[in-house]
Amino acid sequence: MPPKFDPKSPENASLISLFQGLGLAEKSATELVRQPKSGLAFKSLVDEFSLENNKYDEKTASALVKLSASSGKLGPAERGFIVKKIEIGDIKSSDQVTAAVKYAEGNPAGTPINEEEFNKACGVGIDITAAQLPELLRSYISSLPTAPENWAGLSAVLGGIRSGASDLKWANAGEVKSSLETIFTELFGTKEAAQAAAKAQATSAAKTKPAPKPKAAVASSSAEASSSTSPVIPTNIFREGFLSDFHKPGENPQINPKLKEQHLEFTKGMVYTRFPPEPNGYLHIGHVKAIMVDFGYAKFHGGRTYLRFDDTNPEAEEGRYFQSILETVRWLGFEPWKITYSSDNFDQLYQWAVELTRRGKAYVCTCSAEKMKADRGLGKGQPVPCEHRDRPIEESLREFERMKNGEYPEQGAALRMKMDLSSGNPYMWDGVAYRVKLAPHHRTGDKWKIYPTYDFTHCLCDSIENISHSLCTVEFIPARESYEWLCDALEVYKARQYEFARLNLQGTFLSKRKIAKLVNNKLVKDWDDPRLYTIIALRRRGIPPGALLSFVSDLGVTTSESVVEIQRFESSVRSYLEESAPRLMMVLNPIKLIIENVADDYRVPVQVPLHPKVPAMGTVETSFTKEVYIDAEDFREEDSPDYFRLAPGKSVGLFKAPFPVTCTSYSKDPVTGQVNEIRCRLEDTGNVKKAKAYIQWVNVPESIKIDEVRYFKPLFRSDPPPADFESDVNPESLEVYKNAVIEPAFYELSKKAILDARKESEERTKKAKKESSIKSPEESKAVEGSEASKHLEDEPVVTAEQLVGMENIRFQGMRLAYFSVDRESKIGCLDENEATKPGKKDGDKIILNRIVSLKEDSGKKA
Ligand code: ATP
Ligand code: MG
C-alpha cells in the first residue's frame, strides 16, 4: 500500500503553497501534489522557465498545468514558446493547449514555430461568447450536408464541431452543448418528450409478447420534468424488504382446493390488488402510502388494481369525494383497472348473510348496545354469550328478514356472526355482520334498511374481486382472523391479507373530523388549503406527485409504526425539485438599482440557463438594462468584512450580467425610512475583478409583477397540536408578499409547462382507457339496468384535464425558494394557441405558492 498522503508534511506543504502562489486554488494545488507524477511534472516546468515568482489567474495556471502534463515529447524551445503564449493569454482553454502541443510536435526540430500558422491551428483570438452561440450554431447546422433529424443526431453534431474546422470548436464546450440543446428543443420538442415517445414505441413493440412481465429497471426521478403528469413510480420497495416477500398468486391457502382453481382461472396467475377508501372525505398524505403500496405492488408485478369505494356506510358519503379520490389516485400516477363499489355487491352480500345464518353461523341479536358491550366483557374480561346466540336458525332467518324490511329501528337489531367466544381475540367475539340504518344510500337509495359492516364486507368483496394480495394497515392485524373465518365459513375464495405500518406526520393531523372543523370555522381556506396535508392541499401547494412517491419510497414500507418529521418530508421534496425544476430570476422585495454610467437605452441581451446542471432544459433570454430590481435583502447600509453582497462602496455580481456593479449611493423613502433606490457604477472598464457573490435581478422595463406570493408556515403553534387545536392556529402561518417581480420568461415557462402537461396527460389518459375496463359515462348508460346506469351524474370520470392544473407550473425562484402557480391565478396566454408567443394579458392575476424553501433553515438567510 502506498504511504498515506499528508498535505501537511513539510515537503508537500511547500509544494502546495508554491502552486497556490502561482494561482491554483488550494484544492487543485493539493490534488496536483497528491498525484506525485503530475505534481513533479508541473514543478519541473516551473523550474525550467523560472516561473516560481509569477502570479497568474487560475485559468492561466491551469493551462500551464495541462501543458506540463502533455508536453513531455517537446523540446525546450517549443515548450517555452507555448508557455509564453499561455502567459499572454493567447492560449486559454485545455482544448487549445492540446492543439498547441499537437502543432508543436509536428514542427520540424530546429526550426522556429511559424506563429501565424500556430495561431490558426490553436484558435488564438477567437472569442465566442455564450450570447453569440445560438446564431453561430444555427448557421453551422444549416451548413451541414445532412441536417440532424431528431435528438439522436445531437452527439454527431457535437462531435463534428469538436473535430471540424469551424471556429466553434474553440468556444466553451459546456456552453456549446447547452446552446445546441436549446436549438434541438426548438426543432424537435423536449428531449424528455422525445425519450418518452421512443419508450412508448418500444413498449408497444414489446406488447406482442404474451405474459405480463415485472417492470424493468427504474428510471431515475431526475429524468422527469417538474411539470410532468406521469411521475416515475419507484420500484425499490417492491424489490426488497417487506413487500418483496409475499406469496405468489394462487399460493394462498383455501379451505377447498376448487377455490384456488377458480381463482387462478379468473386471474390467470396475475396479481390483483385493491385500494379501498371509504368515500367520506378527501385523501391525506397517509393514503399516498396506501395507494403506492396497493397500485404499485400490482403494477410492479404486471397485475391489476381496483379502485373500490368502500361505501357501506350511507351517512358519510358525498358525491364530491368519489370524484376527488379518483383524481387523486390518477394524479399520483396510477390508473385503476376498474372502479367498483362495495355497494354494488349488496345483493350478493345479503345472500351470503342468509347462507351464513342457514349454516348456523350467524344469529339475529336484539340486545341493546349497552347489553352487548357488557356481554363482551366491557373490554376487560372474556365475553359471555347472549340469550340470542343459540336461538333456532329459522327464527334468526325470520328476524333478519324483518330487519331487512325496516321493521326494526336503528340499533334495534343486528345480525352477528357466531364465531369463538373463547378466543383471545376480541374480533372473534361474535362481531356484527349487519345493522339497521334508515338513511338513504348514495347509490342504492332507500332500497336497503340494513347495511353490512366493514368486517363482513371487506373480505367478501376481496373474494368477489379475486384479490390476490389484500394490503392494509397494521390496525387490521387482529381483524385478519375474522376475515379468514368468514371466507372459510362460507367456503368462498379467501385472499391473503398483509399489513404495513401507517404513515404519520409530526406537527399536524390528518383526521377528517378535525380538518372539517378548521374548514367550517374558516381557520383555513378550504380542504385544499396548502397548509393542510390532504393530498389536494399538497397538490395545490405545488408538491409534485413524483416527490410524494419518492418520499414514501425512501421511508420504506415495514410493519413498525413511526412518526415522520415534516423536515424529512420537505427535504425529500426539495431534493426532487432540485433536479427537476427550472430556475427563474425573481425578486421578492424589490428595490430599484440604477446604473449611472450607462446610457438610458443601455441593453445587453443575456442568456440565462433554466438549470445550471441540466442543459437540456435550455436557456431563456433576458436583457440587462440601466435599471434593474434587486432584493432588499441583498443590500445593506452598513458593510462588514463577512458580507459579500451590495453595500455602499462595495461590488456585487448580477447573475449572468456581463459586469459587476459597485454601489455609489442610495436614497431612502422620507416617510418609511426604507431604502428605495440604489445607484451603482458598472465596472466595465479596466481590470475587472471577479465578483465574490452573485445576486438575482429583474430588469425594470420588462419585469412582471406578481400579485401575491404566499409563504406557508406550520399551521399550529404547538407540536403536536393540542386537543383544543382551533385556538392554537398560528395567525402568521400564511404570509403574503405583494410587490414581487419576476423575469418575463415566466410566461414562456408557464405555457410550456401547461402545454407539455396537457399533451402528456392526454396520451396517458388515452392509454389508460384502452387498458382498463373503465367506461365513459355514455358507455355505462348503454348497459341498461346496471347499477352504474342509475348513477351517471355522480359517477367519477377519468379525464385528461383532471391531471393538469396551474400547479404544474413549478420553478425555483433563484436564491429564494421553489414556487408553483396557485389555482386562483389567471394567466390568459395559457389558453391561446400553441404558436402564439406567450406574454401578459389584460385581467391576468399571478399568485404563487411557496412549495418549499431552498434550505432547511430558510428563516434566516445567509
Ligand atoms: P382516515 O380515517 O385517517 O381517513 P381510514 O383508514 O379511515 O383513514 P380509508 O379511506 O378507509 O381511510 O382508507 C383507505 C386505505 O388507506 C386503507 O387501506 C387504509 O389502511 C389506508 N390508510 C389510511 N390512512 C393511512 C395512513 N396514515 N398511512 C397508510 N395508509 C393509510
Ligand atoms: Mg375510515
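Start at 1 and go down the list; that is how both ligands and their atoms are numbered. Quick caveat: nothing in here was measured; it's all calculated off a predicted structure.
Between D294 and R274 there is a salt bridge, with a side-chain nitrogen of the basic residue lying less than 4.0 Å from a carboxylate oxygen of the acidic one.
Residue F275 places no N or O, backbone or side chain, under 3.5 Å from any N or O of ligand 1. For a threshold of 3.5 Å applied to N or O pairs, the pair formed by K512 and ligand 1 contains at least one separation below that value.
Between F346 and H441, the ring planes are perpendicular. Angles over 60° get that label, and only those under 30° would be called parallel. Between W527 and Y282, the ring planes are tilted. Angles from 30° to 60° get that label.
Looking at E475, E278, H287 and measuring to atom 23 (C) of ligand 1, the nearest heavy atom belongs to H287. For atom 28 (N) of ligand 1, the choice among I285, L503, V474 with the nearest heavy atom turns out to be L503.
Of all atoms in ligand 1, listed by their number and element, those nearer than 4.0 Å to a heavy atom of G286 are 25 (C), 26 (C), 27 (N), 28 (N), 29 (C), 30 (N), 31 (C). Close contacts between ligand 1 and A290 involve ligand atoms 16 (O), 21 (C), 30 (N) [criterion: under 4.0 Å to a heavy atom]. Atoms of ligand 1 found under 4.0 Å from any heavy atom of T473, numbered from 1 in the order shown, are 19 (C), 20 (O), 29 (C), 30 (N), 31 (C).
F275 is listed as a side-chain neighbour of H287, based on a closest heavy-atom distance under 4.5 Å.
Ring centers of Y533 and F509: at least 6.0 Å apart, outside the cut-off.
The one candidate from R330, K769, K767 that meets the side chain to side chain donor-acceptor pair (under 3.5 Å) condition with E335 is R330.
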